[in-house]
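Values below: every heavy atom of this structure, side chains too, minus hydrogens, waters and symmetry copies.
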Amino acid sequence: LDLPVLSSPRGTTATPLSPLSLPALLTGGNVTGATGVTVTNGVVRLTGGGTVIPTDSGTAIVSGNLSTASAGSAAQIQVLGDQVGLLSANLDASGGTGGGTILIGGDYQGQGTTPTAQSTFVSNDSVIRADALSSGNGGKVIVWADGTTRFHGSISAQGGGLGGNGGFVETSGKQMLDIAGGRVSARAAAGRSGVWLLDPTDIEIVTGGAGLPVAGIFDPPTTGIASQIDPTAIVTVLDAGTDVIITTNSGTGGNGDITLTDSINQTGGGGASLTLTGRQFLRPGLATINLSSTGGLIFNLNQVNPELAPPGSSIQAAIDAIGTINGLSTINIGAGTYTLTTPLNINKSLTLNGVPGVGLSTLSGNNATRVMNIAGATTNVTLSNLTIQNGLAFSGGGIFNDGSNLTILNSTFAGNRAIGGNGANGSATGAGGGGGGGAGLGGALFSTGGTIAILNSTFASNQAIGGNGGAGFANNGGFSG
């Protein structure tokens, strides 16, 4: 290292210098056990724990205490660079009348003029706080990377005990997100719950979380394309009274899909909600989402990297994933024509919303299948802003409602057909002709019970026609149908 020093003019006394050691410069000067650095084969490590310190330009490492906490509103802390790491760090932007702002690797979703990191790492013993200590709202904490974010630490952005809402926390990696062991709280004792946002490219909800680094704190996980989150991490945050929002994006390495591999079972009550926003929702097994909190469950489908012809299976997967929900269950589908190969089967209470406008969110039977089956005497279903078209069945080409309480709002039924049943064939061994064809009932909608309320909806070009008579089989008596 070469540090040029200006010489003092003659006749003056030079001010003595107290330079920090290299470990102190690298870590902020307060790392327990980090008494120096070692360099072996070009690799720099803290001597206390052996942690590899990247030597690339643009690397920012923080450890020890960094605080702007105050009795009033706290100020802002920013840790920025191409590669950003918090190692045994304690960052505090709490304030007596409101939490401050802490930006690690970038701002909200990497937007704005704040420089963004390519890789960001937060160790499991790092703590980040932006709490309202007395009153006011919790602060804002962002942990972001354009590439890989590995968040294993603790973040708190709680509202004040005397009044105030929970804050906003985002832990996102545009291409890869690893939050194994991460803890977040944005609760509010006397206000609305705060929010935890996760924003990776693809995400899989699976027991065990993400992969492990190969070497160095900025190496990405090795489990593949999809980021992963353990269901228990979601449950812990919901139990603490913080809303959880998982929103994918369509960056490099994925399509913006969400896969539910293992169940989410939340039993701690409270009022927090869970929102899943992406392109397709995938459910390869029998996993379900069960929430005892009253905030509800929300799916937003085909709203990231949207498809013009999204599969209806994504909607069915979301329906099937709804387990025991203490609040409301809502599925919002983006614009597109969802072509069905089998009917959507709804046997639980929920609301299915499309985009307002005729033909924007279309469910199509493709003239080959009924669009929707709804069943259950205690099932309450609301359909809103949907176009239900080209369904085909013996009865109820568009919808067959078997005893549920159904509300239809601002929707259009077009081109659905009930073709009726064909008559039974005549006996091959005894006298008797074929039966007559059954009448088609309810081209657009057929109900066997329950209640139906239809408001501000349109029915056009739907048909109910009879089926064909059955064919008779010749017998000794020569009967034919």
Got a second to check how far Leu383's CG is from Ile388's CD1, nearest 0.5 Å?
5.5 Å
Between atom CD of Gln280 and atom CG of Asn302, what is the distance when rounded to the nearest 0.5 Å?
8.0 Å
Side chain to side chain contact (heavy atoms under 4.5 Å, CB included) partner of Leu282, the single match among Leu260, Thr259, Thr261
Thr259
Considering all heavy atoms, the nearest Gly161-Ala190 contact:
O-CB, 4.0 Å
If you look at every heavy atom in Ser63 and Ser88, which pair is closest and at what distance?
OG-O, 3.5 Å
Hey, are Trp196 and Thr171 close enough side-chain-wise for a donor-acceptor pair under 3.5 Å?
yes
Any side-chain heavy-atom pair of Thr116 and Lys174 under 4.5 Å
no
Which donor-acceptor pairs under 3.5 Å do side chains of residues 308-317 form with protein atoms, sequence neighbours excluded?
unit_1	atom_1	unit_2	atom_2	d
Ser314	OG	Phe281	N	2.9
Gln316	OE1	Asn345	N	2.8
Gln316	NE2	Asp320	OD1	3.0
Gln316	NE2	Asn345	O	3.1

Distance, nearest 0.5 Å, that separates OG1 of Thr337 from CD of Glu307
12.0 Å
What is the minimum heavy-atom distance between Asp178 and Ala180, and which atoms define it?
OD1-N, 3.1 Å
When rounded to the nearest 0.5 angstrom, what distance separates CZ in Arg370 from CG in Leu344?
12.0 Å
Summary of side-chain hydrogen bond (donor to acceptor under 3.5 Å, both in side chains) pairs that have at least one residue in residues 104-114, sequence neighbours excluded
Asp107-Lys140, Gln109-Gln111, Gln109-Asp199
Does any non-hydrogen side-chain atom of Ile289 lie less than 4.5 Å from one of Ile205?
no
Intermediate values then yes/no, side-chain contact (heavy atoms from CB on, under 4.5 Å), Val79 and Leu91
CA-CA 10 Å; Val79 183; Leu91 275 58; 4.1 Å; yes
Do Ser67 and Asn65 meet the criterion of a side-chain donor-acceptor pair at a distance under 3.5 Å?
no
Does Leu66, at its CG atom, have more than 12 non-hydrogen atoms belonging to other residues, nucleotides or ligands within less than 6.0 Å?
yes
Closest non-hydrogen atoms of Val84 and Ala117, given as atom of the first, atom of the second and distance, are CG2-CB, 4.0 Å
CE of Met176 to CG of Asp202: how many Å apart, nearest 0.5 Å?
9.5 Å
Inter-residue atom distance Asn416.CG - Asn367.CG, 0.5 Å rounding:
9.0 Å
Who are the side-chain contact (heavy atoms from CB on, under 4.5 Å) partners of Asn353, not counting sequence neighbours?
Thr330, Asn332, Thr351, Ser384
Please tabulate, for the side chains in residues 235-247, all donor-acceptor contacts under 3.5 angstrom to protein atoms that are two or more places apart in sequence or on a different chain.
unit_1	atom_1	unit_2	atom_2	d
Thr236	OG1	Thr232	O	2.8
Asp239	OD1	Gln266	NE2	2.8
Asp239	OD1	Gly268	N	3.0
Thr242	OG1	Ala186	N	2.6
Thr242	OG1	Arg187	N	3.3
Asp243	OD1	Ser273	N	2.9
Asp243	OD1	Ser273	OG	3.4

Mind jotting down which residue pairs meet the salt bridge (Lys or Arg N to Asp or Glu O under 4.0 Å) criterion with at least one end in residues 161-173? Sequence neighbours excluded, please.
none
For residues 337-376, which residue pairs qualify under ring-ring contact (aromatic ring centres under 6.0 Å, His included), counting only residues two or more places apart or in two chains?
none
Please evaluate residues Leu352 and Ile333 with respect to the criterion side-chain contact (heavy atoms from CB on, under 4.5 Å), reporting the C-alpha separation (whole Å), side-chain torsions for both, the decisive distance (0.1 Å), and the verdict.
CA-CA 8 Å; Leu352 178 59; Ile333 62 173; 4.1 Å; yes
State, yes or no, whether a side-chain contact exists between Leu86 and Val122 at a heavy-atom distance under 4.5 Å.
yes
Which pair of heavy atoms, one from Ala132 and one from Gly98, lies closest together, and at what distance?
CB-CA, 3.8 Å
Tell me every residue that passes side-chain contact (heavy atoms from CB on, under 4.5 Å) with Thr387, counting only those two or more places apart in sequence or in another chain.
Val358, Thr362, Gln389, Thr412
Identified side chain to side chain donor-acceptor pair (under 3.5 Å) partner of Asn290 from the options Asn326, Asn265, Thr267:
Asn265
Can you give each donor-acceptor pair under 3.5 Å made by side-chain atoms of residues 396-408, sequence neighbours left out, with the distance rounded to 0.1 Å?
unit_1	atom_1	unit_2	atom_2	d
Asn401	OD1	Ser404	N	3.4
Asn401	OD1	Ser404	OG	2.4
Asn401	ND2	Ser404	O	3.3
Asn401	ND2	Ser447	OG	3.2
Asn401	ND2	Gly449	O	3.4
Asp402	OD1	Thr448	OG1	2.8
Asn405	OD1	Thr451	OG1	2.9
Asn405	ND2	Asn380	OD1	3.1

Which residues share a side-chain contact (heavy atoms from CB on, under 4.5 Å) with Ser461, sequence neighbours left out
none
Report yes or no: do Asp125 and Ser123 form a side-chain donor-acceptor pair below 3.5 Å?
yes
Residue pairs, two or more places apart or on separate chains, that pass ring-ring contact (aromatic ring centres under 6.0 Å, His included) and touch residues 360-388:
none
Could you tell me whether the side chain of Phe151 reaches within less than 4.5 Å of the side chain of Ile104, counting heavy atoms only?
no
Looking at every heavy atom in both Ser329 and Ile322, which two are closest together, and how far apart are they?
OG-CG2, 3.5 Å
Take Asp131 and Ser156 through the test side-chain hydrogen bond (donor to acceptor under 3.5 Å, both in side chains) and record every step on the way to the result.
CA-CA 6 Å; Asp131 296 327; Ser156 179; 2.6 Å; yes
Residue pair Arg283 / Thr288, side-chain heavy-atom distance below 4.5 Å:
yes
Would you mind reporting whether Ile155 and Ile102 have side-chain heavy atoms less than 4.5 Å apart?
no
Apply side-chain contact (heavy atoms from CB on, under 4.5 Å) to Phe121 and Leu87, showing your working.
CA-CA 8 Å; Phe121 175 87; Leu87 305 178; 3.6 Å; yes
Give a yes or no on whether Leu455 atom CG has more than 12 heavy-atom contacts from other residues, nucleotides or ligands under 6.0 Å away.
yes
For Arg192, is the CZ atom crowded, meaning more than 12 foreign heavy atoms sit under 6.0 Å from it?
no
Residues forming a salt bridge (Lys or Arg N to Asp or Glu O under 4.0 Å) with Asp146, sequence neighbours excluded:
none
If you define the side chain from C-beta out and look only at heavy atoms, does anything of Asp257 sit under 4.5 Å from Thr248?
no
Polar contact flag, side-chain donor to acceptor under 3.5 angstrom, Gln303-Thr277:
no
Taking ring-ring contact (aromatic ring centres under 6.0 Å, His included) as the cut-off, I'd like each qualifying pair that reaches into residues 349-368, sequence neighbours left out, listed once.
none
